[in-house]
Structure formats: structure tokens, C-alpha cells
Number of protein chains: 6
Amino acid sequence: MLSHVDARNRPAMVDVGGKAVTRRTARARALVQLTAEAAALFADGELRSKKGPVLQTASLAGTMAAKRTHELIPLCHPLPLDHCQVEARLIDGGVVCIEATASAEARTGVEMEALTAASVAALTVYDMVKALGLGTTIREIALVEKTGGKSDFRSAPLPPTRAAPRAARAKSSRSR
Amino acid sequence: MLSHVDARNRPAMVDVGGKAVTRRTARARALVQLTAEAAALFADGELRSKKGPVLQTASLAGTMAAKRTHELIPLCHPLPLDHCQVEARLIDGGVVCIEATASAEARTGVEMEALTAASVAALTVYDMVKALGLGTTIREIALVEKTGGKSDFRSAPLPPTRAAPRAARAKSSRSR
Amino acid sequence: MLSHVDARNRPAMVDVGGKAVTRRTARARALVQLTAEAAALFADGELRSKKGPVLQTASLAGTMAAKRTHELIPLCHPLPLDHCQVEARLIDGGVVCIEATASAEARTGVEMEALTAASVAALTVYDMVKALGLGTTIREIALVEKTGGKSDFRSAPLPPTRAAPRAARAKSSRSR
Amino acid sequence: MLSHVDARNRPAMVDVGGKAVTRRTARARALVQLTAEAAALFADGELRSKKGPVLQTASLAGTMAAKRTHELIPLCHPLPLDHCQVEARLIDGGVVCIEATASAEARTGVEMEALTAASVAALTVYDMVKALGLGTTIREIALVEKTGGKSDFRSAPLPPTRAAPRAARAKSSRSR
Amino acid sequence: MLSHVDARNRPAMVDVGGKAVTRRTARARALVQLTAEAAALFADGELRSKKGPVLQTASLAGTMAAKRTHELIPLCHPLPLDHCQVEARLIDGGVVCIEATASAEARTGVEMEALTAASVAALTVYDMVKALGLGTTIREIALVEKTGGKSDFRSAPLPPTRAAPRAARAKSSRSR
Amino acid sequence: MLSHVDARNRPAMVDVGGKAVTRRTARARALVQLTAEAAALFADGELRSKKGPVLQTASLAGTMAAKRTHELIPLCHPLPLDHCQVEARLIDGGVVCIEATASAEARTGVEMEALTAASVAALTVYDMVKALGLGTTIREIALVEKTGGKSDFRSAPLPPTRAAPRAARAKSSRSR
């Protein structure tokens, strides 16, 4: 008796057809812990590896990935991004701090676009410095804030031992 | 005298610029005839092959393909899908029945999105059970209904020998 | 007690690392049943719709899709296609018969590439003639033959009521 | 003192969130100088190479590429194209003249979509005739006109030695 | 005096043309900290959100992303993956632990493929449970081991304070 | 009498299955004529527009596009690129000179990969400076050399009026 087997619980996109189009923004952050060898490449606002300028390349890769979020994340809707920007800079402790912002007029939020941009930028940093140590680690990827949906969101400030430049440096000399 | 050669009959997207944005929906169906060996894998609402859960994977592949319809079908417009869902279940006769629905607010219909979702889901079923017999066959891919354009469409009920569980079972015992 | 939860039955690509590289070929077929209005467009070996030459466009779309099979079918391996060709012609009964062949030197077969090519070519036919009737139906997509793996495969000849021009014409006048 | 390093001058998409949605159109042109061997393939409005009909294929490739402009050009916005058409014809002097038009209701222009369509169509011509001489050259890719933004644009007429059929033929016999 | 401006320091793929083809493997891990609401969805080896089965979907999304690594990471080479598998399970502390393995016969390593698979699987988990709290955080993405290049790599065991809040630490000292 | 209609002259990939795998290289060049306003942005080896560093971004976009050549050009084979590099610099006359090199061990050449890289880099330059004048023009895209196939190719030196910095400057002041 095979018929009438239920199709419940198949993965499905949320139907956003009935939702209002509003202006949506999101910001996400990724932190990449470099090895000491990689961090030493830093000069004049850029990490220059053999493959080229690391932060510039990561920034561009993240921006391009944001536009393909719906191809990568199975149940994300395609969204008409109005803006995407990915900033990358070195903070104390040999950490690259990446911040990605995205915005669109849409029926659903752009969190995944910002998170995807930050993630691919972080992976690109990894790729460009991995010849200087495979111990490079993406330490965190998180949403920082979003606006435009049912309720806004703003993350709690990072705990001091994670991203604050000074503490992180101290910690990294202890535990890695 | 080569100049003024006409460029007539080059393929071109229909210009939908003057059409109104309306809510469009479409539903398509694909039927995949499994081999007896593959059908025997079925239990608890899922076909579990060595590669993993077949219906779940097919469902997801179809949903992801819907978003890329305009990349695959040369003259399709890119559409901002609001929803896509692909259901897959086993019906009598060892047939996987896939139904894909899609919707968008757009100037043109989403038939091709629903049909592409159903087709790629069917191909994914094939891929995951092909180790159990290459005689697996996609028996039909067709539009079931659409709304939102100049006129709605609803397919005629399938003739009894094609999809009705009972008849199909009978037939399959005769001719395959 | 959450730990020790098993990760069994996640979908996974088959590991082909240990298999030999051999020359693989596959051929797949799709049949598209046109409406009478669409079939009447046929002249000089081509169906010319408002969107352009149908069979030519379908052939190209299928070839391009074959190269992206691994993007569409979740557990397919990326393969270095040496060749892909998609032929499309009108047979009796208002049926477009599409045959796609693919080949590669690879560790696994190219069945899915041939089937994907045939499917996307069939969908493209649908897209280009759908203004002439949404009752167009993809009647079948199946593997015709393959070589180069553990064992070769050749499909049984199609039963006469399905693809043989004469019978199909008769049937289509009865049941559609 | 690594902290507070500035992230200035990272590449970023222009934020078009505050701009009005208007109807945008653009037209771009590419000229491909064929070798004499390739130009001799021309008959009945088409160049037929061993790979197939050149102008038809180029036209389709250009149209499909327009839809992927935002994937290729890093800081382009994804745009909901309402229309894209690519015409290709042979003009005197053995030059293929490609004209691509694109339109959308959007917050930013479709120039890059038209230029990308023309460029990929030109590259496709190259690919299909390159067996007849690698000296094929894309002689020019330029915007012809655009409407719908802050100000319209229309290129100056081409200087007579570049595209006018007669002069180009004369010139090509002298200098190539 | 603009000429002779140097093109130094443009980003460029490493030329692997002279390197030997060897069997490459890599394994990467991502940890996703769920909110308590999301973790409570767990039952029978799966997290079932409104969007569908989370771990299954994430696993598939990661596998598919691995195949597109070279499209996302600007200077990665396209590699003929022989295998990719992404396992996802819930460990103590409401953490989803994702492990991605990849392998290929290639001139360069598959680290980025494994890391991309793990990252996109983690983003997919985020997407599917974000309705239950935007405080979900990807806590770590790192390479676990690789083989087949100039030298093998195996990461140091995770420090106890990183991967397992409290219970996990206990567990990890027991079972790892 | 519809049956037996011939499928001749459908576009098809060349079957390279019988060809030997050899090391292939290609180099292509694109010239982009900037407007005076855009050329004036040049300083320290880079053009810095509001959107970011132009030459760096173009270089990266070209490299990434090379990897997707087979997706864009319908009858190109997917090739396992070992290397791709895109250099961009400003030469006299306000011309950006882009040189793209590509290489692979393959059964067919990498000309299209080098040409696609050069073209997309040129389009990216256009996109980033178009706010400074839509009169920017891609003046030429051509193959410079290739090795590894049946016969090597090296283009004739450019005629002095086209690319030589000095003459080009003189000419551009006269005729544009």
C-alpha cells in the first residue's frame, strides 16, 4: 500500500507572497585569526600575500558572493540587492575583522546576504594567506544588526575576550 | 553585396516591459518510473539509497533549480520568486510523483520555474537510484495549472492509464 | 542526552577516487508532444516561433546545461566533458524527438549529463512554443545507451505505442 | 599599532536604495573583424561554421550572458531584465556587427547588461570561427545609447573609417 | 609619463602547471551555536524547523557549494572533486558540529573546497533556524586535516574552552 | 511527411575525445579608451574611482570570468585551468591595456579563457569609470599568442596607430 504516502516535511521556501515590500538592511561580521606569519605581511592598510592584496580581494569576493546567496543557501529567496559593501581591516591580535552590509527593497530580509558576504570574504582571506600557515581560523561569523522586518535586531556587544583588540592580543599569546 | 543582410529571426526574449505586474502561480508535475529494485527501497515515506534520502534530496534540488531557470532556459526572464516548493512521493506502480509549485509578483508567468523544478527533481531521483537499474524513466513532465496571466490554465485530468495508482500498477505489471 | 547522535544517512557523493579513468559515453532521449498549433509552425527542418528558431535554440540550451549538470544534480561529480551534442527533430505525431550525447574521460559515467541536456532542451522547446498551448507535454526522458563503466547499457527498443511515428500519430488523435 | 587601520577605498557597489525606479534602456554594439576565410562562410544571412550557425549561436549566447551580468561585473546590481535582444549581421569588410539592447524597470541603468551581451556574442563569434584564423579581432565594443537615467546618452556617429561598410572594406584591403 | 606603469601586485592564481597530480584530501569543521529555542527542535537525529529538516538540508547545501568553490573564491583553481561529504550533528551545548571532507586527484589541495562546504552548511543551518533567534552564531570554521601536498596537516585538538560550553567539554574529554 | 527531418547543422561542441592532453597557453589583450576625466583619476599605478580601485578590481573580475568561460561561450569545453593572470595598466593616450594569460593541461586550447578574461576585465573598467563619461570604448580585444595546439600562434605586432603609446596619444587628440 504505497499510495497516499505523505510528502510532509520536505524542505520548502517560506512563501513571502503576502508580505509587504520594505527597505531591509543587515550587517554581519566575520573574524579571521591569522597566524603570526600572515599578520606580519600587513603594511599600509593591506595584507600583501604572494597572491595579491588580501583585504581588497576578500572584500570584492564577499560582495560578489552576496549576489549569489540564493544559489548557495537552498531556501533563500532571490533578492534585488540595492547595495552591498564589505570592509576588511586588521585589528589587534592578528585578527582580520570583516563587516558586510547589504540592503534591498524586498519582502524578506537580507541577513543571509550579509552573512554570506562576510563568510566568503573570510574564506578568501584564508585562501590568500594559507601558504603562511593552515592554522588560520575563522573565529566567528554573526549578524550584527538588521532593520526592516517585523522587528529590528542588534547583537549584544561582543564580550571583551573575543574581539576587543587589546584583550584578544593578550589571549592569543596565551592560548594559541 | 553583404551589407543590409537582415537579422530577422534571431532568438529574443519577449519584451514584457509593458505588461502589468500581477501575482503569478504555476504547478507542474513529473512522474518517474522506478525499477522494481529501486521501488523496494521505500520505507517510512522515503526512498533511502546509498547516496542518501532520495525524495528529500530531489525536493531540494528542484527548489534550487527553480531559482536558476533563467540561466538554463535561454529566453526566460529572471523572476523574483516569492515561493517554490517541491513535493515528492511514491505512488502505486513504483512511480515517484513530483509536484512543484512556484509563485512570484511579475510581468510574466512562472510556468518554466515550476517545470524546471519538477524536471531537476526528477533527474535527481534518477541520479540517486540509477545504481539500481538504468531503466528508470521520466514518464512525463507537464504543467498542471497556472494563474495570473491573460488566462488561467488547468490541465485535463490525466488519462487513467497514466497516473492513476491502480491502473498504473496494472499496466506496469503488463508492459515493463 | 544529545551527544552521540548519528550523522548517518546524510546525502553524499559517491567516492570515485579509487576508480579508473575510462572513456565514458551516454545518450539520452526526450520526447516533447507539441500541440497541433505548435506543430504547424514546422517548416524546412525548424520550428519557427515568435521567440526564434525552436530546435536550434533547444539544442544549444541542452548543450550548455550539460556543462552545468553537477551544479544542478546535488551528488553529481564535476566532469571534464569532451563532447556534447543535442539533436532535435520533429517526428510524426507532432513530437519533437531530442537526442543528447555526451562523453568524457572520467572515473564515473556521463548519464546525468546526457539526461540533463535532453531535459533542458525539452524544457526550452516548451518555453518557446508555450504561447501556442500550455498542453505541450514532455512525454519521456530516458537513457538510451551508455558505455565505459562496469557494464554497458542499451535500452530496450521503445514499445510501438510510445515513439514509433505512425502509432504515436494514431494514438494522439485518439487520446489528446 | 595595528588597530583603527582604515578600510577606505575598498570596492563597493553604489547604494541605489534612494533612487527612483524608472524604465531603463540601453543599446551596445560590438564589431568583430573576421578573417577572409571566415567571412567566406557567409550565405543566406548566416555564417555556417563546423560548429553550427554562428550568428544565431552568438545572439543566444549574448542574451543569456546579459542575465548574468551581475555575476561577472563585480559591482553591478542584479537587475530584473524585461527584455534583451542581440542582433548579429555581416556588414561589408568581413565585419560582424552585433547590436544588443536591454531594458528593465530599475533603480540603475542597464548599460552593462547591453555591453556584456554584445561582448559575449562577439566572443562566441570568435570561438565559432577561430578554426579559420586566430587573427579574428573584436574591433570595438561601445555603448550606442541609453535612456531612463539622469540624462540620456547617444554616441556620436561612428567615424566613416570604422563601421561604414564601404570605407571599411576599402580600408581592410589596405591595412590587414 | 603614464606609460610603463607597473602592473605589480595584481591578484593572480598561483600557477600549478608544474606541480604533480596527487591524491588530495581535506577535512574542515564548522561549529554553529544555536539558540535554546532552535536546539529544542532536535529529535531523532534531526532539527526539524518550519522550513524542513535542517541538518539534511545543510549537508546537501555544503556538498553543492564545494563544487562551486572556484566560483566563489577568486584565486582558487577549478578542481575535479572525486568526493565530498558533509556530516552535521548536534553536540552538547546546543552546537551543531559540521564536518566536511573533500578529495580530488589534483595539482593543488582541496582545503578551500572542504572549508567552503563547511561554511555554506553552517550558513544553511543559520538560515533554517533564524526564525528562532538571530543570535545564532557560527563560532568557528577551521581546517582539521589535509593530506597529499608538500606536507600533511592536522590541527591541534580544540582547546576545551572553545568547542564545548560545559557539557561538551566534559564530553569532548571523554570521547575525542 | 514530417519524419526523418534532418537534424543537420545543429550547434555542437567539437569532440576532443581523441586529442592528446598537452600543455596549452594563451595570451589575449584588450584596450579600453578612457575619457579624459577618467584618465585623470590615475595615480600611483591605479585608477581610483568612487567605486574603488579600478585596475585591481578589473584584474580580479577577469580572472574569475576565465573560470566560467565554458558557461558563457556555448560550445567551449570546461577546462581545468592551471593558471590565469590578468594585468591592467594605463598606457599613453588614456588607454587601459589589459593582458590576460591562461594555461591548462588539456585536449583543447585556452584561447577563449584568455579572451574572456580580457573582455570581462575591460567591461569592469568600463563599469567603474562610466560615471565619468559613457564615451569610454573598448577599442580592441584580440589574441596575442597561443601555444600547445597543432600550431603556435603569435599576432602580428600592432600597427603603430593603434597601441603604441605615443602615436595613440597623438591620434586620440585628433580624432576623438
Side-chain angles (χ1 to χ4, degrees), chain D residues 9-14 26 30 32-33 46 48-54 56-58 60-61 64-65 68-69 71-76 109 111-112 115-116 118-120 122-124 126-128 130-131 133-143 145-146 153-156 159 161 175-176, chain F residues 9-14 26 30 32-33 46 48-54 56-58 60-61 64-65 68-69 71-76 109 111-112 115-116 118-120 122-124 126-128 130-131 133-143 145-146 153-156 159 161 175-176:
Chain D
N9 203 226
R10 299 282 174 254
M13 289 165 74
V14 171
V32 186
Q33 175 68 58
E46 182 56 279
R48 297 184 192 278
S49 80
K50 280 192 186 175
K51 289 186 168 186
V54 175
Q56 203 89 273
T57 303
L60 208 58
M64 294 177 81
R68 306 182 73 182
T69 302
E71 295 182 22
L72 296 171
I73 312 300
L75 304 175
C76 273
E111 299 94 283
M112 295 314 302
L115 285 160
T116 299
S119 301
V120 171
L123 290 167
T124 301
Y126 189 102
D127 179 52
M128 293 185 79
K130 70 179 193 286
L134 293 162
T136 310
T137 304
I138 299 174
R139 272 176 43 186
E140 182 182 282
I141 301 171
L143 190 67
E145 65 177 320
K146 82 177 190 89
F153 169 84
R154 179 166 259 285
S155 69
T161 51
S175 67
R176 282 182 181 264
Chain F
N9 201 226
R10 299 281 175 253
M13 290 165 73
V14 172
V32 185
Q33 176 67 57
E46 182 56 279
R48 295 182 194 278
S49 80
K50 279 191 185 174
K51 289 186 168 187
V54 175
Q56 203 90 275
T57 302
L60 207 59
M64 293 176 81
R68 305 183 73 181
T69 300
E71 295 181 22
L72 297 171
I73 311 300
L75 304 174
C76 273
E111 298 94 286
M112 294 315 301
L115 285 160
T116 299
S119 300
V120 171
L123 289 167
T124 300
Y126 189 102
D127 178 53
M128 294 186 78
K130 71 177 191 288
L134 293 163
T136 310
T137 304
I138 300 175
R139 276 175 42 187
E140 183 183 283
I141 302 172
L143 191 67
E145 65 179 319
K146 84 175 189 89
F153 170 83
R154 177 166 261 284
S155 69
T161 52
S175 65
R176 281 179 182 265

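Given the structure is predicted, the values throughout are model-derived calculations rather than measurements. Here is how names work: the chains are called A, B, and so on, in the same order as the sequence lines, proteins then strands, and each is numbered from 1.
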Self-check item: Sub-4.5 Å side-chain heavy-atom contact between F:E140 and D:E140
Solution: no
Quiz prompt | Flag side-chain contact, heavy atom, 4.5 Å: F:R139 against D:R139 | solution = no
Among [options], who wins on heavy-atom pairs under 4.5 Å with chain F?
{"options": "D:T136, D:L143, D:L123", "value": "D:L123"}
{"options": "D:L72, D:D127, D:I73", "value": "D:D127"}
{"options": "D:A142, D:A61, D:A12", "value": "D:A12"}

Exercise. For side-chain contact (heavy atoms from CB on, under 4.5 Å), just list the numbers for F:T137 and D:I141, CA-CA rounded to whole Å, side-chain angles, deciding distance to a tenth of an Å, and then say yes or no.
Key: CA-CA 6 Å; F:T137 304; D:I141 301 171; over 6 Å; no
Quiz prompt | Approximate separation, where rounding is to 0.5 Å, of F:L134 CG and D:E145 CD | solution = 12.0 Å
Portion of [X] that has a non-hydrogen atom of chain F nearer than 4.5 angstrom:
{"X": "D:K50", "result": "neither"}
{"X": "D:T69", "result": "neither"}
{"X": "D:M112", "result": "side chain"}

Exercise. With a 4.5 Å cut-off on heavy-atom pairs, point out which of F:L75, F:V54, F:V120 contacts chain D the most.
Key: F:L75
Exercise. Under 4.5 Å, counting heavy-atom pairs only, tell me which of F:R68, F:E111, F:K130, F:M64 racks up the most with chain D.
Key: F:R68
Self-check item: Pairing residues for D:A122 by the side chain to side chain contact (heavy atoms under 4.5 Å, CB included) criterion, not counting sequence neighbours
Solution: D:A30, D:V32, D:I98, D:I138
Quiz prompt | Pairing residues for D:T57 by the side chain to side chain contact (heavy atoms under 4.5 Å, CB included) criterion, not counting sequence neighbours | solution = C:L60, D:P53, D:T124, D:M128, F:P11, F:P74
